[in-house]
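On a predicted model such as this, the values are computed, not experimentally measured, just so you know. Chain letters run A, B, ... following the sequence lines, proteins first, then strands; residues in each count from 1.
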Protein chains: 2
Amino acid sequence: MSRSNPRVLSTLERAGGFASAQEVYRLMQREGESIGLTTVYRSLQSLVNDKIVDVLRRDDGEAIYRLCGDAHHHHLVCKGCGDTVEIEGGAIEKWALNVAKDHGFREVGHTAEIFGLCSKC
Amino acid sequence: MSRSNPRVLSTLERAGGFASAQEVYRLMQREGESIGLTTVYRSLQSLVNDKIVDVLRRDDGEAIYRLCGDAHHHHLVCKGCGDTVEIEGGAIEKWALNVAKDHGFREVGHTAEIFGLCSKC
DNA sequence: TCACAAATGAAAATGATTTTCATTTCCATA
DNA sequence: TATGGAAATGAAAATCATTTTCATTTGTGA
């Protein structure tokens, strides 16, 4: 394992808290930082593990990393522009728990994402 | 442009209306169909253009194709043995729609999956 | 200073997807 | 029935993000 290179997180922040690994890398290069693409990927993965950033997917499949609050939440993502809204999932939490219990499951978790076209697209 | 090879659609249907291009290809091969991977990709793209199938992304970024208008369901997956239960998502459908509409989104879709440990594990 | 673990990054490997391009299949019309 | 061109096909190469490998460098505690 490796710890995250702090410059990666700071760059992601400067990028508006929303960028792909390749973009973070290019940004750092442009700013004269000396870093390898491998390290960028490793750092971002590490940040994801530590729940400091979220990872989503663009329509073309490229992973985009995004700073996130620590509360458990879900995303409403625009298929057009990639704009993302963090949403509360109260209803889903209960649904997931109930369904799982009905089937005798323990240690329950879930994933959920909503996507569509935002009003601007 | 090219039209969709009908065998691709029929295979996607047989796959439960939910599969990646690679999976459709492997399935057709296994069933003795003679078809190229390129044609599978082109056919799926064409089906997407014609709004006959939807395209989503797996967590690993692989594109998965799904028949539109298919009554879709969700999965309850055991982290231990991988056992999967198909579940109805009535509550989620409404939740997703409402949340999306609240934010002015159109053409709304969603993904949701529940995981945990089943009673045997 | 020494030894060793962690971090780094260049280059190669991987895997999905797209592009290229030569060939084959269709089909309408002469 | 022949023929010419458009559409379809697929093998192989190209792309591109991401991961892996591995040799080197850096940092740290003894």
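- Side-chain contact between His74(B) and Ile114(B) is absent, with no heavy atoms from C-beta onward closer than 4.5 Å.
- At a threshold of 4.5 Å between non-hydrogen side-chain atoms, the residues Gln29(B) and Ile35(B) do not count as touching.
- Within the 4.5 Å cutoff, side-chain heavy atoms of Glu93(B) are placed close to those of His110(B).
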Just the atom pairs and distances: protein N or O near nucleotides 13-20 of chain D's N or O, under 3.5 Å.
{"from": "dT18(D)", "atom 1": "OP1", "to": "Ala63(A)", "atom 2": "N", "distance (Å)": "2.8"}
{"from": "dT18(D)", "atom 1": "OP2", "to": "Tyr41(A)", "atom 2": "OH", "distance (Å)": "2.6"}
{"from": "dT18(D)", "atom 1": "O5'", "to": "Tyr41(A)", "atom 2": "OH", "distance (Å)": "3.2"}
{"from": "dT19(D)", "atom 1": "OP1", "to": "Gln45(A)", "atom 2": "NE2", "distance (Å)": "3.4"}
{"from": "dT19(D)", "atom 1": "OP2", "to": "Gln45(A)", "atom 2": "NE2", "distance (Å)": "2.8"}

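- For Ala19(A) against Val24(A), the heavy-atom pair with the smallest separation is CB-CG2, 4.0 Å.
- Side-chain atoms of Arg14(A) and Ser10(A) form a donor-acceptor pair, as typed in the model, at a separation below 3.5 Å.
- Rounding to whole angstrom units, CG of residue Leu44(B) and C1' of dT9(D) are separated by 15 Å.
- The side-chain heavy atoms of Leu12(B) and Leu27(B), taken from C-beta on, include no pair separated by under 4.5 Å.
- With sequence neighbours left out, Glu13(B) forms a side chain to side chain donor-acceptor pair (under 3.5 Å) with no residue at all.
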Taking only N/O atoms, report every protein-nucleotides 23-27 of chain D pair under 3.5 Å with atom names and distance.
none

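- Atom-to-atom, CZ of Arg3(B) to P of dA8(D) comes out at 5 Å; the value is rounded to the nearest Å.
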Chi angles and distances behind the side chain to side chain contact (heavy atoms under 4.5 Å, CB included) call for Leu67(A), Leu47(A): CA-CA 9 Å; Leu67(A) 285 171; Leu47(A) 288 168; over 6 Å; no
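- Contact check for Tyr41(B) versus Gln22(B): side-chain heavy atoms found under the 4.5 Å cut-off.
- Trp95(A) is listed as a side-chain neighbour of Ile87(B), based on a closest heavy-atom distance under 4.5 Å.
- The interatomic distance linking Glu33(B) (CD) with dT9(D) (C1') rounds to 15 Å, in whole Å.
- In this structure, Glu62(B) and Arg57(B) have side chains that are not in contact, with every pair of non-hydrogen atoms separated by 4.5 Å or more.
- Rounded to whole Å, atom P of dT18(C) lies 12 Å from atom CG of Asp59(A).
- For the pair Ile35(B) CD1 and dT25(C) C1', the interatomic distance rounds to 15 Å; values are reported in whole Å.
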Could you pull out all donor-acceptor pairs under 3.5 Å where a side-chain atom in residues 98-105 of chain B meets a protein atom, sequence neighbours excluded?
{"from": "Asn98(B)", "atom 1": "ND2", "to": "Lys94(B)", "atom 2": "O", "distance (Å)": "3.3"}

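- Under 4.0 angstrom from either OP1 or OP2 of dT9(D) there lies at least one side-chain N or O belonging to Asn5(B).
- In the hydrophobic cluster analysis, where Ile, Leu, Val, Met, Phe, Trp and Tyr join through side-chain heavy atoms closer than 4.5 angstrom, Val55(B) is grouped together with Val8(B).
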Report each atom pair, protein N/O against N/O of nucleotides 26-28 of chain C, whose distance is under 3.5 angstrom.
none

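- Axis deviation across the helix from dT1(C)-dA30(D) to dA30(C)-dT1(D) amounts to 10°, comparing end segments of five pairs, rounded to 10 degrees.
- Closest to the Thr39(A) side chain, of the nucleotides dG10(D), dA8(D), dT8(C), is dT8(C).
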